[in-house]
Amino acid sequence: MNGGFKEVSTIQKAVVERLVALGWTHVPGDQLDRTIDGVFIESEVTAALVRLNPMIAEQPERVDEVLPRLRVAALASVNEGLIASNERMTTWLRGHQTQKFLDTETYESVRLIDFDDLSNNRFFVSGPGFDHDEISAEVTYGHGPKARRFDVVLWVNGLPLVVGETKSPVRQSESWLNAAKDIHDVYEVECATFFAPNLLSFATDGREFHYGAIGQPVAEWLMWGATTDPFDLEGGARVMRSVELLLTPASVLSILRDFTLFDRPVIDGRPTRI
């Protein structure tokens, strides 16, 4: 891999297979228990709600009071904007949202993810890998001509937290920057609802690897590595090293819980979401 990759499908498969080695379970897009216009894998979200919340475990039908609120939080991106919806979903993901069930008098915190015991979570990666072909293994969102396919998606308890886009290293006219623009300029605009729970996205062409947050201009997407890495590490080896450091289940959840911030610069004397 030190010499890079020959074609886009090879990049996708290499990334997916490395993610599996890091602890993600490979589930091709066409085998996920979801409709193509669904943001969540709702059976996985339901199972996590029961597994992680004693009050829901006592009465599993209480899931039906929580799921509609999650759907609304994602759909709010259409009217309120993606950043506002993403911030609201992050509150849910961190376990800071509460729910008063119909037959109770108190508000209870709702957990979607267990940050303390990772074994209580289910980590899926969708995308081509192993014996699955490129198109069917990708995640489709939407219908007809407006449907989009995401090369790689990382799901935690049925919630799409990371989206990856790849480009071929042999096409001189394309690079990781084109992949990042696809996410920032197209997917986040046309598929905003799918990105409401998003923690970060990444782009790679097999030569370089960059990542960014919702709404972050592609010129500001960052690289990821370690100060102890060899200074001459590059190409496919550098890409795989970035994957290994940034996209482990533990790293993804740590970034979500401890390092995700929403900036509100002061404009005309008031903090403003932009």
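Note that the numbering runs from 1 along the sequence shown for the chain.
- N53 places none of its side-chain heavy atoms less than 4.5 Å from the side chain of V66.
- By the side-chain contact (heavy atoms from CB on, under 4.5 Å) test, A203 is found to be paired with W176, A179, A180, W221, residues two or more places apart in sequence or in another chain being considered.
- For the side-chain contact (heavy atoms from CB on, under 4.5 Å) test, residues two or more places apart in sequence or in another chain that qualify with D114 are L52, R111, D116, D117, N120, N121.
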Taking distance alone, no hydrogens or angles, what donor-acceptor pairs closer than 3.5 Å link side-chain atoms of residues 20-33 to residues at least two apart or in another chain?
from: W24; atom 1: NE1; to: L247; atom 2: O; distance (Å): 2.8
from: H26; atom 1: NE2; to: G127; atom 2: O; distance (Å): 2.6
from: D33; atom 1: OD2; to: S43; atom 2: OG; distance (Å): 2.7

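- Put simply, the side chain of E65 gets close to the backbone of L102: a donor and an acceptor are under 3.5 Å apart.
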Evaluate side chain to side chain contact (heavy atoms under 4.5 Å, CB included) for L19 paired with F123, printing each intermediate quantity in order.
-> CA-CA 10 Å; L19 288 166; F123 301 97; over 6 Å; no
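- Counting heavy atoms from C-beta outward, E174 and D205 have side chains that stay 4.5 Å or more apart.
- One hydrophobic cluster, built from ILVMFWY side chains closer than 4.5 Å, holds both L222 and L256.
- A donor-acceptor contact shorter than 3.5 Å links the side chain of S85 to the backbone of A73.
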Evaluation steps, side chain to side chain contact (heavy atoms under 4.5 Å, CB included), between V243 and T204 = CA-CA 10 Å; V243 170; T204 182; over 6 Å; no
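- Using a 4.5 Å cut-off between side-chain heavy atoms of Ile, Leu, Val, Met, Phe, Trp and Tyr, with links allowed through other members, M89 and V78 fall into different hydrophobic clusters.
- The distance from the CG atom of D182 to the CD atom of E165 is 5.0 Å, given to the nearest 0.5 Å.
- Contacts of T140 classified as side-chain contact (heavy atoms from CB on, under 4.5 Å), with partners at least two apart in sequence or in another chain: I36, A147, R149.
- Note on L177: it clusters hydrophobically with V186, by side-chain heavy-atom contacts below 4.5 Å among ILVMFWY residues.
- With sequence neighbours left out, D103 forms a salt bridge (Lys or Arg N to Asp or Glu O under 4.0 Å) with R62.
- Rounding to the nearest 0.5 angstrom, the gap separating the SG atom in C191 from the CG atom in D37 is 11.5 Å.
- Looking at T248, its side chain never comes within 3.5 Å of a backbone N or O of E244 through a donor-acceptor pair.
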Are I11 and V239 close enough, and set up right, to give a side chain to side chain contact (heavy atoms under 4.5 Å, CB included), and what steps lead you there?
-> CA-CA 10 Å; I11 302 170; V239 170; 5.7 Å; no
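- Although no hydrogens or angles enter the test, the distance criterion places a donor-acceptor pair under 3.5 Å between the side chain of T90 and the main chain of N86.
- V125 pairs in a side-chain contact (heavy atoms from CB on, under 4.5 Å) with only one of the listed residues (V152, V15, V153, V162), which is V152.
- The line from NE2 of H184 to CD1 of I214 is 9.0 Å long, rounded to the nearest 0.5 Å.
- For E42, the salt bridge (Lys or Arg N to Asp or Glu O under 4.0 Å) partners at least two apart in sequence or on another chain are R71.
- Counting only heavy atoms from C-beta outward, the side chains of T193 and V39 approach each other to under 4.5 Å.
- Residues that satisfy the ring pair (Phe, Tyr, Trp, His ring centres under 6.0 Å) test with F195, not counting sequence neighbours, are F150.
- Contacts classified as ring pair (Phe, Tyr, Trp, His ring centres under 6.0 Å) and involving residues 80-110 (residues at least two apart or in different chains) are not found.
- Side-chain N or O atoms of T260 include one that pairs as donor or acceptor with a backbone N or O of I255 at under 3.5 Å.
- Annotation: side chain of E138 is in contact with side chain of P128 (closest heavy-atom distance under 4.5 Å).
- Formation of a donor-acceptor pair under 3.5 Å by the T91 side chain with backbone atoms of Q97 is not found in this model.
- Considering only heavy atoms from C-beta on, I56 stays 4.5 Å or farther from E108 through its side chain.
- Residue V218 is not grouped with residue V189 when hydrophobic side chains (ILVMFWY) are merged at heavy-atom distances under 4.5 angstrom, including chains of intermediate members.
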Can E188 and I183 be said to form a side chain to side chain contact (heavy atoms under 4.5 Å, CB included), step by step?
-> CA-CA 6 Å; E188 289 184 9; I183 293 173; 3.9 Å; yes
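- In this view, F124 satisfies the ring pair (Phe, Tyr, Trp, His ring centres under 6.0 Å) rule with no residue, not counting sequence neighbours.
- Residues satisfying the salt bridge (Lys or Arg N to Asp or Glu O under 4.0 Å) criterion with R122, sequence neighbours excluded, are E44.
- Between the side chain of N157 and the backbone N or O of A48, no donor-acceptor pair lies under 3.5 Å.
- Applying the side-chain contact (heavy atoms from CB on, under 4.5 Å) criterion to A192, with sequence neighbours excluded, gives S77, L82.
- To the nearest 0.5 angstrom, L199 atom CG is 8.5 Å from L93 atom CG.
- One hydrophobic cluster holds both V110 and M55 under the rule that ILVMFWY side chains link at heavy-atom gaps under 4.5 Å.
- Residues in residues 213-229 take part in these salt bridge (charged side-chain N to carboxylate O under 4.0 Å, His left out) pairs, two or more places apart or across chains: D229-R238, D229-R241.
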